[in-house]
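Down below is the structure, laid out as structure tokens.
Each ligand, and each atom within it, is numbered from 1 in the order the structure gives. Side-chain atoms are counted along with the backbone in the values below, which use heavy atoms only and exclude waters and symmetry mates. Worth saying up front: this structure is predicted, and the values here are computed from it rather than measured.
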Amino acid sequence: MCENAARRPIGVFDSGLGGLTAVRELRRLLPCEDIVYFGDTGRVPYGTRSPSTIVEYAKQDIAFLLSKRVKAVIAACGTVSSTLPAHVSSNLPVPYMGVVESAAEAAVLATHTGRIGVIGTPATVSSGSYPAAIRKLSPSARITATACPLFVPLVENGYFDEHNPVTRLVAQDYLKDVKAAGVDTLILGCTHYPLIAPIISSVMGPDVTLIDVGRAAAQRARRMLERAGLLGPEGRGSVEYYVSDSTEQFDRLAHIFLGEYAGGSVQRIEIDSYTLTLAAP
Ligand code: DGL
């Protein structure tokens, strides 16, 4: 790859603001990189939609990022990562990665008992993507997966305070099966979930390791860029944010997802006007 390609930004997208948890980790690990983030806030959630709709939306999201001349695309979304077919992801003009494989790796490394739980959106859980990725690495793993459809709207609406009684009640109900299965490691299979990790942790108990898929993906992204000769030059990286609905919600909530890495301009775009053209296979 030529030097110019390494200078381009990394493209990151999610159905909404959840992918910002991956941006936070990328900023921490790769502070020199420029990032373009797209959150499809006008069409969130994806996780309760059909696979064909999710793929159609994801292709537009990727087309937008490519229009920004990104050097790599990261789907910071468990739902897209579980749904986008290989014939799309492997025919993009730049390297692509999702969050599933890196989270499976982290979970297999973390577990002592081989009992791993996965929570995610309905689309993610019904795709079976995380169990398949875990079994590739550890065929004897015992996996319990549960869909948690209300977690994303709760997070997007700001119900993530550790003591929020509504979210706590919902979590107690959703986490019954993974708790009963005695897992020692739980993949938070959706990038929105780290925001409610304290609630999930207090329901699961202190001995259960939670895997943050955004963090695991950021670590893998660094390796991917390094291997492709695409790590950016020294400097202070910047982030541009784009959303498909009003920027108000972003202004209100983004700092909570980004923590100390908050800051950067946000603009609204018309995502419907982007079409993905794939490279010939
Ligand atoms: N952040 C998402 C994920 O990781 C999206 C949730 C949704 O849009 O339903 O799955």
If you measure from each non-hydrogen atom of [X] to ligand 1, which part falls under 4.0 Å: side chain, backbone, both or neither?
{"X": "Asp14", "value": "side chain"}
{"X": "Thr79", "value": "both"}
{"X": "Ser15", "value": "side chain"}

Distance, nearest 0.5 Å, that separates OG1 of Thr121 from NE2 of His192: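 The NE2 atom of His192 is 10.5 Å from OG1 of Thr121, to the nearest 0.5 Å.
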Please state which protein non-hydrogen atom is closest to [atom] and give its distance, to 0.1 Å?
{"atom": "atom 6 (C) of ligand 1", "value": "Val152 CG2, 3.4 Å"}
{"atom": "atom 9 (O) of ligand 1", "value": "Gly47 N, 2.7 Å"}
{"atom": "atom 4 (O) of ligand 1", "value": "Gly78 N, 2.6 Å"}

Parallel, tilted or perpendicular: ring planes of Phe64 versus Tyr242, cut at 30 and 60 degrees: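 Taking Tyr242 first and then Phe64, their aromatic rings stand perpendicular (interplane angle over 60°).
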Does at least one non-hydrogen atom of Cys77 fall below 4.0 angstrom from an atom of ligand 1?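 For ligand 1, residue contact (heavy atoms, under 4.0 Å) with Cys77 is present.
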Using a 4.0 Å cutoff against the non-hydrogen atoms of [X], which atoms of ligand 1 qualify?
{"X": "Thr121", "result": "6 (C), 9 (O), 10 (O)"}
{"X": "Pro45", "result": "7 (C), 8 (O), 9 (O)"}
{"X": "Thr191", "result": "1 (N), 2 (C), 3 (C), 4 (O)"}
{"X": "Tyr46", "result": "7 (C), 8 (O), 9 (O)"}

N-O pairing of [X] and [Y] below 4.0 Å:
{"X": "Glu33", "Y": "Arg236", "answer": "no"}
{"X": "Glu260", "Y": "Arg24", "answer": "no"}
{"X": "Arg43", "Y": "Asp61", "answer": "yes"}

Joint cluster assignment, Val213 & Ile199, ILVMFWY side-chain distance < 4.5 Å: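 The answer is no; the residues belong to distinct hydrophobic clusters.
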Could you check whether Phe13 and Tyr37 have their ring centres less than 6.0 Å apart?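 Here the rings of Phe13 and Tyr37 have centres that are no less than 6.0 Å from each other.
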Relative to atom 1 (N) of ligand 1, which among Glu156, Arg49, His192 owns the nearest non-hydrogen atom?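 It is His192 whose heavy atom sits nearest to atom 1 (N) of ligand 1.
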If you count every heavy atom of other residues, nucleotides or ligands that lies below 6.0 Å from Arg28 atom CZ, does the total exceed 12?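 Count over threshold, so yes.
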